[in-house]
Number of protein chains: 2
Amino acid sequence: MQVPKKTGNSKLVKKLNKEEVLQQVVLHGQISRADISKQTQLSRPCVSALVDEMIQEGLLQEVGMGDSKGGRKPILLEYNYQAYAIAGAIFEGSTLDMAIANMKGEFLARYRKRLAQPANGETVIEDLAAGLDRLLRESGIPRERLLGMGVGLQGVTQRGSGTVSFSPSTGWMGSPIQQTIEARLGLPVIIDNDVNMMTLGEYVRGAGVGHTNVVYMYVGTGIGAGIILDGQFYRGSREAAGEIGFMMIGPVHNRPNGASGVFETHYSIPGIQEQAKGFLSDLQEGSSVIEELIRHAKQHAEAKELLADVYRHWAYGMANIISILNPEILILSGEMVHVDGEGVKQIHEWLREWVPEVPNLEKASLGERAGLIGAVHSVLEAFPFTRLLDKE
Amino acid sequence: MQVPKKTGNSKLVKKLNKEEVLQQVVLHGQISRADISKQTQLSRPCVSALVDEMIQEGLLQEVGMGDSKGGRKPILLEYNYQAYAIAGAIFEGSTLDMAIANMKGEFLARYRKRLAQPANGETVIEDLAAGLDRLLRESGIPRERLLGMGVGLQGVTQRGSGTVSFSPSTGWMGSPIQQTIEARLGLPVIIDNDVNMMTLGEYVRGAGVGHTNVVYMYVGTGIGAGIILDGQFYRGSREAAGEIGFMMIGPVHNRPNGASGVFETHYSIPGIQEQAKGFLSDLQEGSSVIEELIRHAKQHAEAKELLADVYRHWAYGMANIISILNPEILILSGEMVHVDGEGVKQIHEWLREWVPEVPNLEKASLGERAGLIGAVHSVLEAFPFTRLLDKE
DNA sequence: ATCTTTGTTAGTAATGTTAACTAACTGTGT
DNA sequence: ACACAGTTAGTTAACATTACTAACAAAGAT
């Protein structure tokens, strides 16, 4: 058991302070040493020393003078977002979507590839490696400046141990795949469920910005949720938190598929399609079931009825989540983003009737980029900046 | 904004290390300086210094020699549970239940009083003060050694701001009552909901010991839950987490009382009584509705049916909680402790059918003492041991 | 008598603090 | 226009605190 050694001379505090300084810089964009000192309660000499080190490390830059407030002009500091880069990868269906980003999370290059089906675990790793090479070439980032890669995929993952227990789209099964990929790429790798990655993306750059209790509700092939409580991602005791597809919502006695939950069986997209079989038969590839259903509902009573039923049961799910977690914001994603204004209004009204503390109800704002942004940030989170030079 | 000053010479690390040392002592009961050093990765001289200070402070004691393992005998250290004391108070219905405890949470004296009804806020504070005086006298603890008092009550509390917005049993309404009581008693006071206090009690001394993700489900006059995730109490963005009485479980269109949720309306004890009106009329004060219902169910079909219905809907509630939070353990409390073995087995079977990760299902193990124990620990939590001597 | 284990002492390295300094600029009175 | 006081930014130097390593003393096992 390796406990991080608080070496007597305690690097621990230094690290904390360094992170705090960096945080101030990131927060303010541009700030002087003196202002950092005021904000952090650290003495000016101390801030100076820490800043100087971080300039040496390439994390900070002096970018000119600020305006005087009646004395010497301050030297403004800026976070050097270019110091390092991060890669992200998302498997969605049969496509692999990758990007390389700076430390602000801005994409520097992007790459997409259709994978051969059915997926073969080993080939997929090679695809990942090839994609990374290409991104590095395209962006001109040298490999040494890459901090790591975040990988999101549909299926069942155990982020803690780095294993993937079920994932048809990648062909990875059991065994700690994370280490295998790390070995192949020579990089730290973080593997997580795609919904979790999207949740993280929306939390740091999308609809969730500024909130500390966020639930990201996703309805697509399945129904799931990502949960951030008091600013921390909550995963549950066996990484099964947010499996809201198993809530007891809908016709309880009708659950043909043993692997799916009751809610998911009836109110995920396949479940809805099944219910709409009579009148919603011919769907083009890539079109939205909900959009189609809304269109039909304008003319056909049975479609209108089904749509209302779907909204109502989704709202039941939200009410349960809200009762238990009292989040500040509930982010609607997946096919839910196609619900029209009227639908959202209806759902909101129901919730106001049912529960005392209705959170903000907002649609996901990052679209398909959410997952990639989250994947990139999963690495940033794991590398709280100053840990960089701990390689000693 | 007062940020805890990491004085250059950093007391912060020292405090952390001191707490770690103390934790080792508490964990092992008796332990030597050398063993603490091995466990904590702190050097032996450092441990010695910290221990000596804590002996000065009265927090630790040397209690004799241990067995030699081939060398000098170790001097065993013990946590001095008597160093300070904590008071706890619980308002339940019209009775006030108080106790004074040592730092292990062991009760040293207890006191109960029936309050005049209807409760008058100011008189109740005097009752609290009188009770505390009596407990101090009885236990022989000098007032200076009292760290604080935890107060639990039925109603709506905002622990953050120390206000009570609705509480018939104490007559406290709005306004930050916590400060008022602190001024009257001359002690730090923590005010919280009774279910939260019971949750904390079971977490630290009852069924929840050893788990980090715990949900405490309470069915009584209302239905509520206390939630501990990753070892932290989770309260929600407006302290409304765990209001599971508002889940959409049961007959959705039948909610006569606007203030209660759907689940609570039908499946709390008053709700069940309402449903059982036909055959469960004459209940003595203090007897258990569930016990009576179980007795009736052995002979009468309608009682049997209702009981099964109650169990089933409680199980729905559990399934929803489990789907969202994936806790390690679900503690059943309130009237749920009267469910017999068969009932628990039935519920467990349902859950195994419905959700993938069924947690331990355990009845609350502390009985009516849970709330008081929790109240006492709420103070201990707020006083992480070594903060004691920070009064400088 | 030698080896082990526990606990302490002495000297050192790391970190951050305060006090005092230099640098650089604003504003005011003449 | 210009000197000078006042203000703000950043640095230097001396000091305090903390925990470390190395060496030693104490006490017991073999």
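Each chain gets a letter, A, B and so on, in the order its sequence line appears, and its residues count up from 1. Here the structure is a predicted model, which means the values were calculated and not measured.
Atom pair B:R44:CZ and D:dA23:P shows a separation of 14 Å (rounding to whole Å applied). Put simply, NZ on B:K69 is 14 Å from C1' on C:dG7, counting in whole angstrom units. As rounded to whole Å, 15 Å separates atom C1' of D:dT18 from atom NZ of A:K14. Atoms CG (A:L50) and C1' (C:dG16) sit 9 Å apart, rounded to a whole Å. Rounded to a whole Å, the CD1 atom of B:I36 is 12 Å from the P atom of C:dT6. When rounded to the nearest whole Å, the span between CG of A:D52 and C1' of D:dG10 equals 10 Å. Per the geometry, CG belonging to B:L16 stands 14 Å off C1' belonging to D:dA19, to the nearest Å.
Put simply, the side chain of B:R72 and the base of C:dG7 share no donor and acceptor less than 3.5 Å apart.
The two atoms that bring B:G162 and B:Q179 nearest to each other are O-OE1, 4.4 Å, heavy atoms only.
In this structure, A:S32 reaches the sugar-phosphate backbone alone: every heavy-atom distance under 4.0 Å involves primed, P, OP1 or OP2 atoms, never a base. Contact annotation for B:P45: base contact, defined as any heavy-atom pair under 4.0 Å involving a base atom.
Between B:I75 and B:G71, the residue anchored closer to the 5' end of DNA chain C is B:G71, taking for each the nucleotide with the nearest heavy atom. Between A:G70 and A:A34, the residue whose closest nucleotide on DNA chain D is further toward the 5' end is A:G70.
Residue A:K38 places at least one side-chain N or O under 4.0 Å from the OP1 or OP2 atom of D:dA9. Under 4.0 angstrom from either OP1 or OP2 of C:dT8 there lies at least one side-chain N or O belonging to B:S48.
Comparing D:dA19, D:dG10, C:dT8 against the side chain of B:R33 picks out C:dT8 as the nearest. Of the candidates D:dG28, D:dA19, D:dA23, D:dA19 carries the atom nearest the B:C46 side chain, counting heavy atoms from C-beta on. The A:N17 side chain lies nearest to C:dG16 when the options are C:dG16, D:dA19, D:dT11. Each of C:dT5, D:dG10, C:dT17 was ranked by its minimum atom distance to the side chain of A:L42; first place goes to C:dT17.
Applying the side-chain hydrogen bond (donor to acceptor under 3.5 Å, both in side chains) test to B:S365 and every residue at least two apart in sequence or in another chain returns B:E202. Remark: B:S68 engages no residue in a side-chain hydrogen bond (donor to acceptor under 3.5 Å, both in side chains) (not counting sequence neighbours).
A 4.5 Å side-chain heavy-atom check between A:T212 and A:L229 finds every atom pair outside the cut-off.
Side-chain atoms of A:D192 do not come within 3.5 Å of backbone N or O of A:N196 as any donor-acceptor pair.
Contacts between residues 61-68 of chain A and DNA chain D, defined by a heavy-atom separation below 4.0 Å, involve no residue at all.
Between B:K14 and B:E19 there is no salt bridge, since no side-chain N of the basic residue sits under 4.0 Å from a carboxylate O of the acidic one.
Atom CG of B:L132 sits about 4.5 Å away from atom CG of B:L136, to the nearest 0.5 Å.
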